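In what follows, chains are A, B, ... by sequence order, proteins preceding strands, each numbered from 1. Remember, predicted model here, so these are calculated numbers, not experimental data.
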There are 2 protein chains.
Amino acid sequence: MDLKLTPRQQEILDFIRNSLEVLGAPPTRAEICNAFGFASPNAAEDHLKVLAKKGAIVMEPGSARGIRLVEQLGLPLIGSVAAGSPLLAVENQLGRVQLGNQLFSPRADYLLKVRGNSMTHAGILDGDLLAVHKTNEARNGQIVVARLGDDVTVKRFKKTRNRIELIAENPDYENIVVDGPLEIEGIAVGLIRNGDAL
Amino acid sequence: MDLKLTPRQQEILDFIRNSLEVLGAPPTRAEICNAFGFASPNAAEDHLKVLAKKGAIVMEPGSARGIRLVEQLGLPLIGSVAAGSPLLAVENQLGRVQLGNQLFSPRADYLLKVRGNSMTHAGILDGDLLAVHKTNEARNGQIVVARLGDDVTVKRFKKTRNRIELIAENPDYENIVVDGPLEIEGIAVGLIRNGDAL
DNA sequence: CCGATAGCTGTATAAATATACAGCTATCGG
DNA sequence: CCGATAGCTGTATATTTATACAGCTATCGG
């Protein structure tokens, strides 16, 4: 979903860019109307919907000035996950990393900053950024981001006839035999290592 | 008015910075409350008022998410001025230039992109950015930004016993003898020339 | 001529948001 | 001990804002 924009739609997009630069915030529908001389706020709304459908912007539902430019979105970088909070909650985000998500396959939805050494033998070191594809299903042998109660962990997924195990790729760490509620948050599709860690 | 911030106030400011980076827009009062665990939106309001008074932010009255960081504000760059519109109207702004306003004295309030060659003999070329201090009063010999009806022009100010003249510093252009309404928008306090024009 | 699409007007409304007023506690310099 | 200030709770409200619904015109490929 990344179709070409009509000239008019391009103008709207440019206005949003300009608003971000000049005002420091995205415009409201009313401001768009004002800038283009629209008599109805719905004219702006329609344009925004099209821009969203075409993948140029993302709209934060119900939020004032909730227009985000996809081009400057990049992938959210998730830090340490606060107990019980949704992985992608704003409070867990360290920022965004400018990175086309077509770099990985399947598509990366976010980056997770890895903490600890439980996966070092799989080449995943402390501080690495793990590119994660959001999904609820994992196949045997895949490296998953899993939630066990309040904890979020990165491990290798192993499913046998009678149980599910989360394998630590480091003999110093113990594998986890799942007995409580397990939720797959996503599967690893890539890795980025910052120069600092090399 | 640029006093030191308390640690708490610094935290609030950092949160605003973070919100701009992560969300792409300034936070609402409610979001600040949420992030810091405040029970009352007024706690956020108070902090913002202090930050505004101390010069760290500027608040757009009545506007949703109307918090601007002064540090990334720079000086507004005014392009061609639409007939009849206020000089600093958003529609006239080409963007902002990162520039401490203490560079000039008196303080520069905005930059005006000069159009035309009527001041070339004063070293003001087409395309130059003129740093302007906002004021209604000009002294003899100062270079002023003046409004004559719908037109905004840059000229040297000359006041004699019985009339006011706007002098063009280029023999190819004619001086303007003021007979209609004249409004001084500001006086030139500096000049910036972009590499392109050299 | 038809249906789809772009681009708009006009109206309405629930929810988000800014922001005022009143008051309370802890700290700190004098 | 006093007054000022920082930092907050709690309540209330006028605006701003997002956004739905209904409908209209012009263009364009078939």
Side-chain angles (χ1 to χ4, degrees), chain A residues 1-16 18-20 22-70 89-91, chain B residues 1-16 18-20 22-70 90:
Chain A
M1 192 65 77
D2 213 358
L3 310 164
K4 254 191 297 186
L5 301 182
T6 69
R8 194 54 161 168
Q9 288 159 9
Q10 188 62 55
E11 279 186 76
I12 303 280
L13 188 59
D14 286 341
F15 175 74
I16 298 171
N18 185 67
S19 181
L20 276 163
V22 171
L23 283 179
T28 64
R29 273 65 164 168
E31 284 165 2
I32 296 174
C33 289
N34 210 291
F36 288 88
F38 297 157
S40 169
N42 195 47
E45 180 72 20
D46 282 354
H47 275 298
L48 293 178
K49 275 182 186 155
V50 172
L51 286 176
K53 188 155 55 179
K54 291 194 176 178
I57 64 172
V58 170
M59 286 203 275
E60 219 74 50
S63 168
R65 299 181 187 276
I67 304 171
R68 312 286 172 249
L69 288 178
V70 166
V90 170
E91 61 197 276
Chain B
M1 192 67 74
D2 213 356
L3 309 166
K4 253 191 295 185
L5 301 183
T6 68
R8 194 57 161 166
Q9 287 159 8
Q10 188 62 54
E11 279 186 75
I12 303 280
L13 187 59
D14 286 342
F15 176 74
I16 298 171
N18 186 66
S19 180
L20 277 163
V22 171
L23 283 178
T28 65
R29 273 65 165 169
E31 284 165 2
I32 295 174
C33 289
N34 211 290
F36 288 88
F38 298 157
S40 168
N42 195 47
E45 181 73 20
D46 282 355
H47 275 298
L48 293 177
K49 275 182 186 156
V50 172
L51 286 176
K53 188 154 55 177
K54 290 193 177 179
I57 63 172
V58 170
M59 286 203 276
E60 220 73 48
S63 167
R65 299 180 188 275
I67 303 171
R68 311 287 172 249
L69 288 179
V70 166
V90 170

Please determine, for the side chain of [X], which listed nucleotide ([options]) has the closest atom?
{"X": "B:Arg8", "options": "D:dG7, C:dA20, C:dG7", "value": "D:dG7"}
{"X": "B:Gln9", "options": "C:dA18, C:dC8, D:dA6", "value": "D:dA6"}
{"X": "B:Phe38", "options": "D:dA20, C:dT19, D:dC8", "value": "D:dC8"}
{"X": "A:Pro41", "options": "D:dT19, C:dA6, C:dC8", "value": "D:dT19"}
{"X": "A:Ser63", "options": "C:dA22, C:dT17, C:dT11", "value": "C:dT17"}

Give the rounded distance in Å between these two atoms: [atom1] of [X] and [atom2] of [N].
{"X": "B:Asn42", "N": "C:dC24", "atom1": "CG", "atom2": "P", "answer": "15 Å"}
{"X": "B:Glu45", "N": "D:dT15", "atom1": "CD", "atom2": "C1'", "answer": "14 Å"}
{"X": "A:Gln10", "N": "C:dG7", "atom1": "CD", "atom2": "P", "answer": "12 Å"}
{"X": "A:Ile67", "N": "D:dA18", "atom1": "CD1", "atom2": "P", "answer": "7 Å"}
{"X": "A:Phe15", "N": "C:dG7", "atom1": "CZ", "atom2": "P", "answer": "17 Å"}
{"X": "A:Leu13", "N": "C:dA6", "atom1": "CG", "atom2": "P", "answer": "16 Å"}
{"X": "A:Leu48", "N": "D:dT17", "atom1": "CG", "atom2": "C1'", "answer": "12 Å"}
{"X": "A:Glu31", "N": "C:dT17", "atom1": "CD", "atom2": "C1'", "answer": "14 Å"}

Base-pair string, DNA chain D, Watson-Crick plus G-U, cut-off 3.5 Å on both distances, | for inter-strand, is ||||||||||||||||||||||||||||||
What's the verdict on side chain to side chain contact (heavy atoms under 4.5 Å, CB included) for B:Leu5 and B:Val50, showing C-alpha distance, side-chain angles and the deciding distance?
CA-CA 9 Å; B:Leu5 301 183; B:Val50 172; 5.9 Å; no
Both B:Ala64 and B:Asp46 contact DNA chain D. Taking the nearest nucleotide for each, which residue is further toward the 5' end?
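So the residue in question is B:Asp46.
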Nearest-nucleotide 5' precedence on DNA chain D, B:Gly37 against A:Ser40
B:Gly37
With heavy atoms under 4.0 Å as the rule, sort B:Pro61 into base, sugar-phosphate or nothing.
sugar-phosphate
Need one value for B:Ala43: base, sugar-phosphate or nothing, where a base atom within 4.0 Å counts as base even if backbone is also close, heavy atoms only.
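The residue B:Ala43 makes base contact.
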Please determine if a side-chain N or O atom of [X] lies less than 4.0 Å away from the OP1 or OP2 oxygen of [N].
{"X": "B:Arg29", "N": "C:dT17", "answer": "no"}
{"X": "A:Arg65", "N": "C:dT17", "answer": "no"}
{"X": "B:Lys49", "N": "C:dA18", "answer": "no"}

Work out which heavy atom in [X] is nearest to a heavy atom in [Y]; give both atom names and the distance.
{"X": "B:Ile57", "Y": "B:Leu48", "answer": "CD1-O, 3.5 Å"}
{"X": "B:Lys54", "Y": "B:Lys4", "answer": "NZ-O, 2.8 Å"}
{"X": "A:Cys33", "Y": "A:Ser40", "answer": "SG-O, 3.2 Å"}

According to the interplanar angle, ranging from 0 to 90°, do the rings of A:His47 and A:Phe38 count as parallel (below 30°), tilted (30 to 60°) or perpendicular (above 60°)?
parallel
Keeping the roles fixed (side chain from B:Arg68, backbone from B:Glu60), state whether a donor-acceptor pair exists under 3.5 Å.
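Not a single qualifying donor-acceptor pair exists.
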Only one of B:Val70, B:Leu51, B:Leu69 passes side-chain contact (heavy atoms from CB on, under 4.5 Å) with B:Val58; say which it is.
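It is B:Val70; the other options fail the test.
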Could you give me the CA-CA distance, side-chain angles and deciding distance for A:Ile16 and A:Glu31, then say whether side chain to side chain contact (heavy atoms under 4.5 Å, CB included) is met?
CA-CA 10 Å; A:Ile16 298 171; A:Glu31 284 165 2; over 6 Å; no
